[in-house]
Amino acid sequence: MTEIDKRTHERKFVRTFFTTPTAVEGEDDSAKMLEGAAGLSGMEAPDVWVPDNEDATAPNMRDEGAQNIIDVVSEHGADYPGEIHPRVVWHRDSPQTRYQGFQRMLEITDPDNGAIEYIDGFVIPEVGDIDDWKKADEFLTIIENEYGFDEGSIKMSVIVESGQSELAMEKLRDEMGKPTNNLERLFMLVIGEVDYTKDARAITPTGALPPWPELRHNTSRAASAAGLIAVDGPYDDIRDVEGYHERMTDNQAKGMLGIWSLTPGQVVEANTSPLPPQEGYWLFDADGREVELDRRDGVEVYGGDRVSLVETDDGYVLSVGNDDLELDEAELREELLDLLDYVPSLDDIVDSMEEFEAAKEAGKGAIAMTRSATVEIDGVRVDVSTDRMWDEATYQALQTPITLFQDVYENRPDQHEGLAELYDEDVVDRAMDVGN
């Protein structure tokens, strides 16, 4: 049986999943949006581009959409910097719909049409229980045999849009690697929260989508267990950049580093969000509101009005909201440390990893990493420092953002210029070496 905990595909991370209609009705060139997306590069180009011949394309345009995929990908695919995964129609309850999806995949993958050379896989929506996933896998196996491709060479990603498909994710570890299927071809588990909400018959007072934190956790867990990549669903308020960032930050804490992107602007935000910041910074819990401290001449300054600090003859009075605390200097430091968190830069992470690697070579199993700062509140300055123990588990956990950076740098040379704008060349070189 295949070792399914090991990720077998070339890309270890997918930050961005960008869908594009395959045919636009009423336009002189129905493929204009495909052609525009095919020309994206750098930070505007997603890790995975999804020519969407399902929901994003009108049913009466999908045959033309399949031909547009062939035409655009065969012409521009060689220069496209990310992976290309068309989405086709499918439905767990409709054999006719599944047959339509199969026929279009058969056409798109025909070597005589010139597109399959640049297509990495297909996205299958509306899947049901695990037997339905096997049907999609079997269709792809038939296509591979029809055209003489290696079995399993065409990747398959599924969109989790129903309770059936959510429960099916629990069975992946038992099913992948069996000789009766080629489910090792699975690549991404993508959340489709709109149809999931409909399938669950969920209602909210405003009509907004529920947050579905359990679905995000379950998808991330299943991806981790089966060696796959988890991708969150679309965030349709495209002007709400702050909300998009909050969603991504919450997802990243669950191990879900990819997200659906609806515009090139969202692609840029999602491509950069999981990367370590250019410079480290301190966050301050100001009575329940997390704010970034302003660095001035090496001092971390809080300028809000939710927290105040006064130096007295006997010590200090720290006011947080309605609470006034009378503290000596040591107590003040402890209180401030409870309110502070540090977000490390790429340079900080590399420094720490290099220091731990050197200590490990010297025979040490764990070392203390010290982080110091001078914090200023209402003109009063206080020096604080915190120690964090680093052992092998800490090292492995903090290696994830470096592994992500390395994966991006190796697979997306078109983004080297964008990364050079974020980081110094020396930091990039060290980040590519550390952990190897």
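All of these numbers come straight from a predicted model, not from anything done at the bench. Residue numbers run from 1 in the order of the sequence given.
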Partner residues of Glu376 under the side chain to side chain donor-acceptor pair (under 3.5 Å) criterion, sequence neighbours left out: Arg381
Distance-only side-chain donor-acceptor flag, Asn113 / Ser74, under 3.5 Å: no
Donor + acceptor pair across side chains of Asn251, Asp232 (<3.5 Å): yes
Aromatic ring proximity, centroids under 6.0 angstrom, Phe18 and Trp49: no
All pairs passing ring-ring contact (aromatic ring centres under 6.0 Å, His included) where residues 356-388 contributes a residue, at least two apart: Phe356-Tyr395
Summary of side-chain hydrogen bond (donor to acceptor under 3.5 Å, both in side chains) pairs that have at least one residue in residues 364-373, sequence neighbours excluded: Thr370-Asp387
Lys171 atom NZ, neighbour heavy-atom count above 12 within 6.0 Å: no
CD/Glu357: more than 12 non-hydrogen atoms of other groups inside 6.0 Å: yes
Any donor-acceptor N/O pair, Arg15 side chain to Pro46 backbone, under 3.5 Å: no
Donor-acceptor contact below 3.5 Å, side chain Ser352 vs main chain Asp348: yes
Results of ring pair (Phe, Tyr, Trp, His ring centres under 6.0 Å) for His416 - residues two or more places apart only: Tyr409
Give every donor-acceptor pair under 3.5 Å between a side-chain atom in residues 233-243 and any protein atom, sequence neighbours left out.
from   : atom 1 : to     : atom 2 : distance (Å)
Tyr235 : OH     : Asp240 : OD2    : 2.7
Asp240 : OD1    : Gly243 : N      : 2.8

Name each donor-acceptor pair under 3.5 Å that joins a side chain in residues 116-124 to protein atoms two or more places apart or in another chain, with its distance.
from   : atom 1 : to    : atom 2 : distance (Å)
Asp120 : OD2    : Ile84 : N      : 2.9

